Colleague: 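Let me begin by handing over the structure; questions about it come next.
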Number of protein chains: 2
Amino acid sequence: MNRGRTDKPTLASVAELAGVSVPTVSKVINGRDDVAAGTRGRVQLALARLGYESPVQRRLRTSAPALVDLVFDGLNTSYSLAILMGITNCASAENVEVVLSTVTPGKLKSTNHLEWSSRLADSGRRGLILVTSEVTTEQLEAFERRNIPVVVIDPLNPPPSGFVSIGATNWAGGKAAVEHLIELGHRRIGFIGGPDAAECSMARLHGYLAALRAHGIDVRDDYILSGNFNLPSGVRGASKLLSLAEPPTAIFAGSDLTALGVLDEARRRDLRVPEDLSLVGFDGTDLAEQSVPRLTSVSQPLQEMGRSALRSVLRLANGEELESLHVEFATTLVVRDSTAPPASAV
Amino acid sequence: MNRGRTDKPTLASVAELAGVSVPTVSKVINGRDDVAAGTRGRVQLALARLGYESPVQRRLRTSAPALVDLVFDGLNTSYSLAILMGITNCASAENVEVVLSTVTPGKLKSTNHLEWSSRLADSGRRGLILVTSEVTTEQLEAFERRNIPVVVIDPLNPPPSGFVSIGATNWAGGKAAVEHLIELGHRRIGFIGGPDAAECSMARLHGYLAALRAHGIDVRDDYILSGNFNLPSGVRGASKLLSLAEPPTAIFAGSDLTALGVLDEARRRDLRVPEDLSLVGFDGTDLAEQSVPRLTSVSQPLQEMGRSALRSVLRLANGEELESLHVEFATTLVVRDSTAPPASAV
DNA sequence: CTGAAAGCGCTTACAG
DNA sequence: CTGAAAGCGCTTACAG
């Protein structure tokens with residue numbers, strides 16, 4: 001009778017399946033190098049098949065609350081804080097704990113994938129949530145091999161197929177923002193996006209383009225700028241746009257922070273918002289509510305996105321399947337005080 | 001020869017010291033109830049003396065990076081974010097990981113102290129950092145018994161003597177804020193603080209009082225209000241102050257968020273800041289920089305405070321002594337655009 | 001309530 | 001490079 005699958009796996013059962021002795025399995029687990037490559041391979045296969053866990057790992061998994069790793073690619077904006085709150089609030093409800101780390105933006109993808117995945121596996125981490133991080137396929141595959149589920153929130157680059165990600169309807173949001181401006185009577189509308197390579201920024205730009213085209217408005221290349229989603233991007237972008245011979249009467253900024261930068265630059269030029277310049281942000285963070293004037297913005301349900309990411313990781317860790325590998329949460333345009341009909345149209 | 005202190009403690013060495021058998025020690029450790037109270041006591045004493053750790057604990061301590069628990073009493077402000085960034089940045093530098101949890105404000109002190117401290121000890125946590133939390137002496141003592149160092153940042157209530165806390169020079173900061181206003185020519189200065197019981201708010205109020213007295217200005221009870229450090233406190237407080245028969249010409253708010261509330265209420269009343277009303281905030285968060293007008297504010301080095309908290313916990317966990325149980329970081333008045341001489345004085 | 005004995009799961013030292 | 005043998009640290013089942 002084959003009991004290997006029902007009993008809790010031990011070195012002995014792994015050894016039996018792999019057709020080697022117990023000490024050999026022990027060596028493989030402890031990373032000794034005096035094991036032949038072929039033998040090592042067979043043992044690793046058996047370990048994976050039986051789902052072997054060391055006593056420490058089992059103890060961690062069964063006795064202590066589950067730990068999930070959360071990595072932010074920078075943690076300095078209202079945007080990050082909203083996602084973080086969604087995750088930590090959900091964590092206390094689900095009796096999970098969150099190990100938070102931050103990484104200097106862009107540095108994550110140079111982390112050694114084997115080391116990183118082993119570290120998480122050895123520490124008994126149940127899963128990993130990445131926020132706006134760039135990771136490599138190699139890294140994602142290493143986690144998959146270690147059986148550590150990964151969910152990426154708002155990936156800068158689209159994750160390779162087969163990996164789980166959570167985002168918002170960036171295209172629809174961008175379209176809604178620009179349609180709002182068009183309905184107010186604007187025809188000259190600028191766009192200040194994020195990095196050119198960023199998937200979410202690209203989608204917002206395409207929403208912008210779609211809205212213009214749907215209303216038969218010509219797309220002007222000099223009205224389309226990229227940036228970094230930060231405040232200086234808004235200052236620089238607005239400076240360029242407002243210096244044009246025919247400046248836009250409205251600007252759609254790719255983030256609330258960038259919109260604040262536009263606001264600064266507008267003030268420096270004695271332009272009133274919204275009387276002289278209409279402005280729409282993106283994210284719908286606290287900033288939109290706290291700025292003067294309060295910012296019309298495309299709101300993303302950041303807390304919900306965080307909560308959903310954690311729930312998805314836990315379900316995957318639990319062996320459940322997700323209905324969909326990519327979930328998009330709906331954005332909503334929140335009209336506040338930074339948009340109005342253009343001066344010429346009044 | 002007594003080798004008990006030099007060899008790594010095992011059940012056998014504990015049993016020998018306690019004068020019992022190995023199985024009995026095992027039972028005590030596993031919380032079985034078939035051990036006589038006296039025997040249990042002797043065993044526990046021996047365990048503590050030798051500093052016994054289970055293999056799981058030892059493995060956690062030596063192989064995985066140290067974990068420190070971080071608990072925020074609410075996590076929704078620029079203030080929290082700045083402290084959090086200080087801690088996480090320091091954590092990556094020190095090769096420590098941070099387990100973040102948030103708690104609904106005020107709920108922490110009703111957490112069972114035994115359960116909480118055991119949970120942290122069993123999970124091998126190296127220490128605990130609490131931010132603006134109210135905790136009980138009982139809880140702090142439970143952690144001390146479990147040998148888990150605790151550092152409190154900006155305790156709402158002063159922690160009992162013997163426990164470690166980190167704050168800023170609230171009194172000096174309050175005094176500097178008000179002296180700045182007095183130097184500008186203000187005589188009618190309002191104060192909107194935090195909760196009456198909060199130590200830090202009390203210190204700021206006393207700084208306010210000291211500045212007034214030093215300049216021979218009468219203290220008016222109706223100019224002194226308390227709140228919750230949040231935005232609505234500012235709105236409500238400003239509404240009261242500005243409705244007085246003789247309203248203040250300047251307001252010192254106990255937090256930047258409260259100052260933003262004051263700004264809102266001033267705008268609602270068509271008062272210009274700083275022309276009609278001068279305003280000083282406290283904390284020196286991003287908000288002060290991003291608001292319009294930019295806020296004159298008493299800046300606390302929040303990131304440094306976070307970093308210092310983590311360093312202190314690690315030193316304590318390492319068996320080192322701290323020079324001082326309470327550290328106060330210097331605040332600095334940052335003058336921006338929300339303060340000016342009063343209209344009457346121009 | 002206690003502990004001698006058996007046993008479990010893993011590691012180590014070493015012979016081949 | 002492999003595994004039989006010894007051993008380590010802890011737990012369990014049970015006799016007293």
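Just so we're on the same page: letters track the sequence lines, and every chain starts at 1. Values in this document were obtained by computation on a predicted structure and should not be read as measured data. We use all heavy atoms of the structure for the numbers below, so side chains are in, but hydrogens, waters and symmetry mates are not.
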Colleague: Could you work out the separation of dA13(D) and dG9(D) based on their P atoms and round it to a whole Å?
Modeller: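 Between the two P atoms, the distance is 23 Å.
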
Colleague: Does dA4(D) have a Watson-Crick or wobble mate here (both distances under 3.5 Å), and if so which one?
Modeller: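 Partner of dA4(D): none.
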
Colleague: So Val22(B), base contact, sugar-phosphate only, or nothing? Heavy-atom distance under 4.0 Å.
Modeller: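 Answer is base: heavy atoms of Val22(B) come under 4.0 Å of a base.
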
Colleague: Could you tell me how far dA6(D) sits from dT2(D) if I compare only their P atoms? Round to whole Å.
Modeller: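 Going atom to atom, P in each nucleotide, I get 23 Å.
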
Colleague: Once you round it to whole Å, what is the distance between P of dC10(C) and CD of Glu16(A)?
Modeller: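 It works out to 14 Å between those atoms.
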
Colleague: For dG3(D) and Thr24(A) - does any side-chain N or O of the residue sit under 4.0 Å from the phosphate oxygens OP1/OP2?
Modeller: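 For dG3(D), OP1 or OP2 has a side-chain N or O of Thr24(A) closer than 4.0 Å.
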
Colleague: Base, sugar-phosphate alone, or nothing: which one does Arg40(A) contact when heavy atoms must sit under 4.0 Å apart?
Modeller: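 Since no nucleic acid heavy atom lies under 4.0 Å of Arg40(A), the category is nothing.
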
Colleague: In terms of side-chain heavy atoms of Ala36(A), which of dC1(D), dT12(D), dC10(D) is nearest?
Modeller: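 Taking heavy atoms from C-beta onward, the closest nucleotide is dC1(D).
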
Colleague: Does the side chain of Leu17(A) reach to within under 4.5 Å of the side chain of Leu50(A), using non-hydrogen atoms?
Modeller: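 Side-chain contact under 4.5 Å: yes.
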
Colleague: Do Glu199(A) and Leu156(A) touch side chain to side chain, with heavy atoms closer than 4.5 Å?
Modeller: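 The answer is no, as the side chains (C-beta and beyond) never meet within the 4.5 Å cut-off.
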
Colleague: For residues Ile87(B) and Arg307(B), determine if any side-chain heavy atom of one lies less than 4.5 Å from a side-chain heavy atom of the other.
Modeller: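 Ile87(B) does not reach Arg307(B) side chain to side chain.
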
Colleague: Which nucleotide in the set dT11(C), dT2(C), dT2(D) lies at the smallest distance from any side-chain heavy atom of Asn30(A)?
Modeller: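 Closest nucleotide to the Asn30(A) side chain: dT11(C).
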
Colleague: From CG of Leu11(A) over to P of dG9(C), roughly how many Å is that when rounded to an integer?
Modeller: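 From Leu11(A) CG to dG9(C) P: 9 Å.
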
Colleague: Are any side-chain N or O atoms of Arg42(A) and backbone N or O atoms of Ala18(A), one a donor and one an acceptor, separated by less than 3.5 Å?
Modeller: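 Yes; at least one donor-acceptor contact below 3.5 Å.
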
Colleague: From the options dG3(D), dC10(D), dG3(C), select the nucleotide whose nearest atom is closest to the side chain of Pro23(B).
Modeller: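 Closest nucleotide among those given: dG3(C).
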
Colleague: Under 3.5 Å, is there a donor on one side chain and an acceptor on the other for His113(B) and Glu115(B)?
Modeller: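 Side-chain D/A pair, His113(B) to Glu115(B): absent.
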
Colleague: Give a yes/no answer on whether the side chain of Tyr52(B) brings an N or O atom under 4.0 Å of OP1 or OP2 in dG9(D).
Modeller: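 No.
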
Colleague: Provide the Watson-Crick or G-U wobble partner of dA13(D), both distances under 3.5 Å; none if there is no partner.
Modeller: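 Result: none.
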
Colleague: Counting side-chain heavy atoms from C-beta on, which of dC1(D), dT11(D), dG9(C) comes nearest to Lys8(A)?
Modeller: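 Within the option list, the nearest is dG9(C).
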
Colleague: What integer distance in Å separates Arg32(A):CZ from dT11(C):P?
Modeller: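 One finds 9 Å between P of dT11(C) and CZ of Arg32(A), rounded.
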
Colleague: Report the C-alpha distance between Phe329(B) and Leu302(B) in whole Å, list the side-chain angles of each, state the deciding distance to 0.1 Å, and finish with yes or no for side chain to side chain contact (heavy atoms under 4.5 Å, CB included).
Modeller: CA-CA 9 Å; Phe329(B) 280 80; Leu302(B) 296 169; over 6 Å; no

Colleague: Of the listed nucleotides (dG3(D), dC10(C), dC1(C)), which one gets closest to any side-chain atom of Lys27(A)?
Modeller: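 Closest nucleotide among those given: dG3(D).
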
Colleague: Glu53(B) or Asp34(B): which one's nearest nucleotide on DNA chain D is closer to the 5' end?
Modeller: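 Its nearest nucleotide lies further toward 5', so the answer is Glu53(B).
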
Colleague: Measure from the side-chain heavy atoms of Thr10(B) and tell me the nearest of dG9(D), dC1(D), dT2(C).
Modeller: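 Of dG9(D), dC1(D), dT2(C), dG9(D) is nearest to the side chain of Thr10(B).
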
Colleague: So if I take every side-chain heavy atom of Ser26(A) and compare against dT11(C), dT12(D), dT2(C), which nucleotide ends up nearest?
Modeller: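 So the nucleotide nearest the side chain must be dT11(C).
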
Colleague: Side chain of Ser21(A) only, heavy atoms from C-beta on: which candidate in dC10(C), dG3(D), dG3(C) is closest?
Modeller: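 Per side-chain heavy atoms of Ser21(A), the pick is dG3(D).
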
Colleague: Would you mind classifying the nucleic acid contact of Thr39(B) as base, sugar-phosphate or nothing, using non-hydrogen atoms under 4.0 angstrom?
Modeller: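 Contact class for Thr39(B): sugar-phosphate only.
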
